[in-house]
Amino acid sequence: MTWGWAVLAVAVGGAAGAVVRLLLVSGPWGRLRGVLVANTVGSAGLGAVVALVESPVVMLLLGTGVCGALTTWSTLAVQTAQLGPRAPGFAAAYLLLNLVLGLGAALLTLTLLG
Amino acid sequence: MTLTARTLLAVSAGGAVGSLLRWFVDVLMPGAWGTLPWGTLLVNVLGSALLGVVVEVLDRGGGSGVLGAFLTTGVLGGFTTFSTYAVQVALLGGADPAVALTYFVVTPLLCVAAAGLATTWVRRARGAA
């Protein structure tokens, strides 16, 4: 794998992951549910990629690119910080739900497919 | 945020840029197996602080628009990653449970604190100006 292919794989995968996340947060179900779904599905996806994929360029495309960009810590952190002062209990529950579902999803695919 | 062709293009370009920046940090700070993933921690905390700044600046500027979508959902959304964090915690759990637990707890605390402090900092800077 040359640097050119590696850069292309990360860029194309990252573009695709970010667009899917945009579609998820733009739906009528709202931005909070959109981020929760993106983070859970992306964590399950990366667990599967780590368990199954051996090609470095496919790893960069699907793992670093698609799953990396589909999921987000920055939006989750800003959402939690914004909710915090108004609804501390809800903010904590939202953050915790992301952590539990994300880690659970990653563990599930890593264990089942690894 | 309305879904237009320009928004989709801006977010895809931003996602590519953010992902490449994240990958560069990963290449520069690879980290040894079984140790704390400093590179990913840095990316997630830095990205959370920067998003706090950008969101606060855009809010006061009135309306986000295409540049806002590029920077927030695109660059900073693509720069930070939740999936890598989740898989790292899961894999670290088998190598060193104490490090895994530390990483699992420290990342959310630092990311949320960084986002909150960055937002407050922008508000204060505006108030003082």
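All values below come from the heavy atoms of this structure, side chains included, with hydrogens, waters and symmetry mates left out. Chain naming here is simple, since letters A, B, ... match the order of the sequence lines and numbering starts at 1 in each.
Note on ring orientation: taking the six-membered ring where Trp is involved, the planes of B:Tyr85 and A:Trp73 are perpendicular (angle over 60°, cut-offs 30° and 60°).
The one candidate from B:Val112, B:Val53, B:Leu51 that meets the side-chain contact (heavy atoms from CB on, under 4.5 Å) condition with A:Val78 is B:Leu51. B:Phe82 pairs with exactly one of A:Thr72, A:Leu103, A:Leu76 by the side-chain contact (heavy atoms from CB on, under 4.5 Å) rule, that one being A:Leu76.
In terms of heavy-atom pairs under 4.5 Å with chain B, the best-connected choice from A:Asn98, A:Val50, A:Val25, A:Val12 is A:Asn98. Of the listed residues (B:Ala13, B:Ala90, B:Ala113, B:Gly47), the greatest number of heavy-atom pairs within a distance under 4.5 Å of chain A belongs to B:Ala90.
Hydrophobic clustering, with ILVMFWY side chains joined whenever heavy atoms are under 4.5 angstrom apart, keeps A:Leu112 apart from B:Leu91. Using a 4.5 Å cut-off between side-chain heavy atoms of Ile, Leu, Val, Met, Phe, Trp and Tyr, with links allowed through other members, B:Tyr103 and A:Leu95 fall into the same hydrophobic cluster. A:Leu32 and A:Val20 sit in two unconnected hydrophobic clusters of ILVMFWY residues. Membership requires side-chain heavy atoms under 4.5 Å apart, directly or through other members. Linking ILVMFWY residues whenever their side-chain heavy atoms come closer than 4.5 Å, directly or via other members, places A:Leu110 and A:Val53 in the same cluster.
Proximity of A:Thr64 to B:Asp26: side-chain heavy atoms (C-beta onward) are nowhere separated by under 4.5 Å.
Nearest heavy-atom pair across A:Ala18 and B:Gly15 is CB-CA, 3.6 Å. In terms of heavy-atom proximity, A:Val7 sits nearest to B:Leu20 at O-CD2, 3.6 Å. Heavy-atom minimum distance, B:Ala86 versus A:Gly102: CB-O, 3.7 Å.
In this structure, chain A has a heavy atom under 4.5 Å from the side chain of B:Val55, while its backbone stays farther away. Using a 4.5 Å cut-off between heavy atoms, A:Gln82 contacts chain B through its side chain alone, with no backbone atom that close. Heavy-atom distances place no part of B:Thr119 under 4.5 Å from chain A, backbone and side chain included. Contact annotation for A:Ala38: neither backbone nor side-chain heavy atoms come within less than 4.5 Å of a heavy atom of chain B. B:Val27 touches chain A through its side chain: at least one heavy atom from C-beta onward sits under 4.5 Å away, while N, CA, C and O do not.
Taken from CG in A:Leu23 to CG in B:Leu3, the straight-line distance is 6.0 Å, to the nearest 0.5 Å.
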